[in-house]
Amino acid sequence: MGADDRGRTAIDPALDLTAQEPIPPAGVAAAQAVMASGKLHRYGETGARPSEVSQLEAEFAREVGRRYCVALNSCGSSMFVALRCAGVRPGDKVLSNCFTLAPVPGAIAHAGAQPVLVDCTDDLTLDLDDLAHKAVASGARVLLLSHMRGHIADMDRVLQLCHAHGLTLIEDCAHTMGAGWDGRLTGTFGAAGCFSLQSYKHANAGEGGLLVTDDADLAAQAILLSGSYMLYGAHLARPDDEVFARWAPVTPNFSLRMSNLAAAVARSQLGAMLRERAERWNARYQWLAQALQGIEHLRLPQRDAREQFVASSIQFSLVDLSRAQMEAFVAGCAARGVHIKWFGAAAPAGFTSVWTHWRYFDHAQHLPNAERVLGALCDMRLPLTLTEADCRRIGAVILTALADAVA
């Protein structure tokens with residue numbers, strides 16, 4: 001293909017696939033009020049009205065229909081705290097997805113545990129047959145289930161397997177805020193659900209994590225672990241004082257609190273705005289999926305009708321390409337302004353990595369399907385700034401770069 005052809009298929013260089021929408025005016029005003037007050041720390045010792053963080057916790061608990069919510073400084077911290085509260089201790093085994101991002105095995109490592117990675121299906125969900133096998137073989141008592149990139153496994157069967165094998169379920173919902181399975185929100189199936197407020201997620205506070213649960217003992221421990229000191233009474237979505245009396249003397253303070261500034265930015269992005277964003281993200285997913293339909297060598301994951309996903313990104317596999325052709329495709333897209341993340345790359349890049357890159361734990365993991373699936377897997381963010389015409393142009397770039405790579 002000549003330079004003229006490449007120019008015709010390139011996207012507008014001003015199109016930023018990492019673009020974020022502005023913080024809503026209500027969030028900006030709330031953040032300015034916090035800064036003007038100087039009260040960035042969530043706790044005040046005397047005469048304090050409910051903090052931004054406490055109000056966020058109460059509002060998010062209502063949003064997902066859980067009794068308790070604990071705000072932390074990241075979703076990774078939320079997962080670590082949930083594991084610790086579920087009884088995970090150094091040396092324990094924890095079942096988890098092989099298809100996930102580094103904060104998930106990082107949370108397991110933070111707890112001093114060893115991950116037992118479960119294979120993935122061609123459609124990027126947890127391989128439930130492999131889960132059943134490894135639950136028995138490993139003796140693990142906790143499953144940290146990552147709804148990676150918004151792909152939700154058959155949660156009815158997940159719960160059946162957890163019950164059958166005595167597994168405590170912790171959900172990583174970093175990519176599924178507002179999403180559900182068969183009418184039930186993610187984050188409400190397990191003992192705890194962990195959500196992200198990091199940029200690129202469904203509500204953008206820059207960074208932050210939200211842990212939700214109906215378990216009073218888990219919630220009290222999480223509040224104490226997060227760093228409440230003896231100020232846990234300032235929480236709104238919390239257990240009664242007698243629950244804290246059981247845990248306060250024996251629970252360390254890990255100083256993982258969320259600040260009032262992050263909470264002020266996030267609060268305006270829940271409720272109606274979260275639901276409206278979900279509709280807009282899914283529209284962009286459908287626009288791009290339609291543009292990619294029928295392209296030779298390209299496969300989109302199939303989704304169960306019970307999966308109510310919120311698609312802030314799109315994934316596709318390139319079938320029957322060599323490693324050199326995959327590299328050529330990724331480079332060809334980048335040259336035309338479309339930056340594709342490839343899970344099969346030899347080295348981690350940006351946010352993208354796979355289990356073979358995580359050398360801080362035992363790599364004796366049997367994951368035959370993942371080696372094939374992730375080796376061919378491509379991933380792209382879907383910023384809400386994309387138009388339908390942008391999606392068509394991106395599809396044309398992908399088609400052209402793929403044709404060049406296999407020529």
Side-chain angles (χ1 to χ4, degrees), residues 74-76 78-80 82-83 94-109 115-128 130-131 134 142-155 157-158 169-181 185-187 189-190 192-196 198 200-202 209 278 281-282 285 299-304 306-317 340-345 348-358 365 367 369-382:
S74 71
C75 187
S78 299
M79 288 186 282
F80 156 64
L83 291 171
V94 174
L95 293 155
S96 192
N97 308 52
C98 67
F99 177 44
T100 191
L101 294 176
V104 176
I108 297 171
V116 177
L117 298 180
V118 180
D119 217 336
C120 66
T121 69
D122 287 8
D123 295 317
L124 308 180
T125 58
L126 195 70
D127 184 325
L128 299 182
D130 194 44
L131 172 63
K134 286 177 176 171
V142 174
L143 168 62
L144 177 55
L145 172 61
S146 178
H147 302 302
M148 172 62 172
R149 284 295 191 253
H151 297 278
I152 304 170
D154 181 340
M155 293 305 296
R157 190 166 172 223
V158 168
L169 174 62
I170 306 295
E171 294 177 76
D172 165 30
C173 304
H175 302 153
T176 59
M177 186 182 285
W181 174 266
L185 290 173
T186 62
F189 289 88
C194 303
F195 295 83
S196 177
Q198 190 184 69
Y200 310 115
K201 304 302 190 299
H202 303 108
W281 257 309
N282 284 0
Y285 182 92
R299 180 185 184 275
L300 289 164
Q302 301 300 301
R303 292 186 180 269
D304 193 296
R306 293 168 290 178
E307 183 187 18
Q308 290 125 10
F309 64 94
V310 179
S312 57
S313 64
I314 191 167
Q315 292 72 45
F316 57 88
S317 300
I340 300 289
K341 300 169 184 66
W342 174 33
F343 278 89
F351 294 106
T352 306
S353 60
V354 295
W355 81 94
T356 54
H357 302 144
W358 306 327
Q365 309 279 348
L367 303 164
N369 205 50
E371 292 182 10
R372 175 181 57 83
V373 171
L374 300 189
L377 185 63
C378 297
D379 173 42
M380 196 185 79
R381 297 191 192 282
L382 293 176

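Keep in mind that what you see is a predicted model, and the values were worked out from it rather than measured.
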*Which pair of heavy atoms, one from Lys134 and one from Leu95, lies closest together, and at what distance?*
CB-CD2, 3.9 Å
*asked:* Could you check whether any side-chain N or O of His151 sits under 3.5 Å from a backbone N or O of Met148, counting only pairs where one atom can act as donor and the other as acceptor?
replied: no
*asked:* Looking at Asn97 and Thr100, would you say the former's side chain and the latter's main chain have a donor-acceptor pair under 3.5 Å?
replied: no
*Any idea which heavy atoms bring Arg303 and Gly150 closest together, and the distance?*
NH1-O, 3.4 Å
*Counting N and O atoms only, with roles assigned by atom type, does the side chain of Asp130 sit under 3.5 Å from a partner on the main chain of Asp119, one being a donor and the other an acceptor?*
yes
*Apply side-chain contact (heavy atoms from CB on, under 4.5 Å) to the pair Ser312 and His202, showing each step before the final yes or no.*
CA-CA 7 Å; Ser312 57; His202 303 108; 3.6 Å; yes
*Mind checking side chain to side chain donor-acceptor pair (under 3.5 Å) for Asp304 and listing every partner two or more places apart, or none if nothing turns up?*
Arg306
*asked:* Just verifying a value: how many Å separate Ile152 CD1 and Ser146 OG, rounded to the nearest 0.5 Å?
replied: 11.0 Å
*In Å and rounded to the nearest 0.5 Å, what is the CD to CD1 distance from Gln315 to Ile340?*
10.5 Å
*Taking all non-hydrogen atoms of both residues into account, name the closest pair between Gly187 and Phe195 and its distance.*
CA-CZ, 3.9 Å
*Trp281 side chain to Leu382 main-chain N or O, any donor-acceptor pair under 3.5 Å?*
yes
*Contact check, side chains of Met155 and Leu145, non-hydrogen atoms, under 4.5 Å*: yes
*For side-chain contact (heavy atoms from CB on, under 4.5 Å), just list the numbers for Leu367 and Trp355, CA-CA rounded to whole Å, side-chain angles, deciding distance to a tenth of an Å, and then say yes or no.*
CA-CA 10 Å; Leu367 303 164; Trp355 81 94; 3.5 Å; yes
_For Pro103, all residues meeting side-chain contact (heavy atoms from CB on, under 4.5 Å), sequence neighbours excluded_ = Met79, Leu101
*Roughly how far, to the nearest 0.5 Å, is the CZ atom of Arg149 from the CZ atom of Arg381?*
6.0 Å
*Fit a plane to each ring of Phe343 and Phe99, take the angle between them on a 0 to 90° scale, and name the class: parallel (under 30°), tilted (30 to 60°) or perpendicular (over 60°).*
perpendicular
*Is any side-chain heavy atom of Leu377 less than 4.5 Å from a side-chain heavy atom of Leu124?*
yes
*Can you name the closest pair of heavy atoms from Ala82 and Cys194 and give their distance?*
CB-SG, 4.0 Å
*Hey, does the side chain of Glu171 reach the backbone of His147 with a donor-acceptor pair shorter than 3.5 angstrom?*
no
*For the residue pair Leu374 and Cys120, what are the closest heavy atoms and their distance?*
CD2-SG, 4.4 Å
*Residues that Ser96 engages under side chain to side chain donor-acceptor pair (under 3.5 Å), provided they are two or more places apart*: none
*Is the side chain of Thr352 donor-acceptor paired with the backbone N or O of Pro348 at a distance under 3.5 Å, no angle test?*
no
*Would you check if the side chain of Asp127 reaches a backbone N or O of Thr121 as a donor-acceptor pair within less than 3.5 Å?*
no
*Could I get the full list of side-chain contact (heavy atoms from CB on, under 4.5 Å) partners for Ala102, not counting sequence neighbours?*
Ser353, Trp358
*List in chain and number order the residues that pass side chain to side chain donor-acceptor pair (under 3.5 Å) with Asp123, two or more places apart in sequence or in another chain; answer none if no residue qualifies.*
Arg299
_Considering all heavy atoms, the nearest Trp181-Gln308 contact_ = N-OE1, 3.7 Å
_Polar side-chain atom of Lys201 near backbone of Ala174 as donor-acceptor pair, under 3.5 Å_ = no
*Among all residues two or more places apart in sequence or in another chain, which pass the side-chain contact (heavy atoms from CB on, under 4.5 Å) test with Ala278?*
Val310
*Is a donor on one side and an acceptor on the other found under 3.5 Å between the side chain of Trp342 and the backbone of Gly375?*
yes
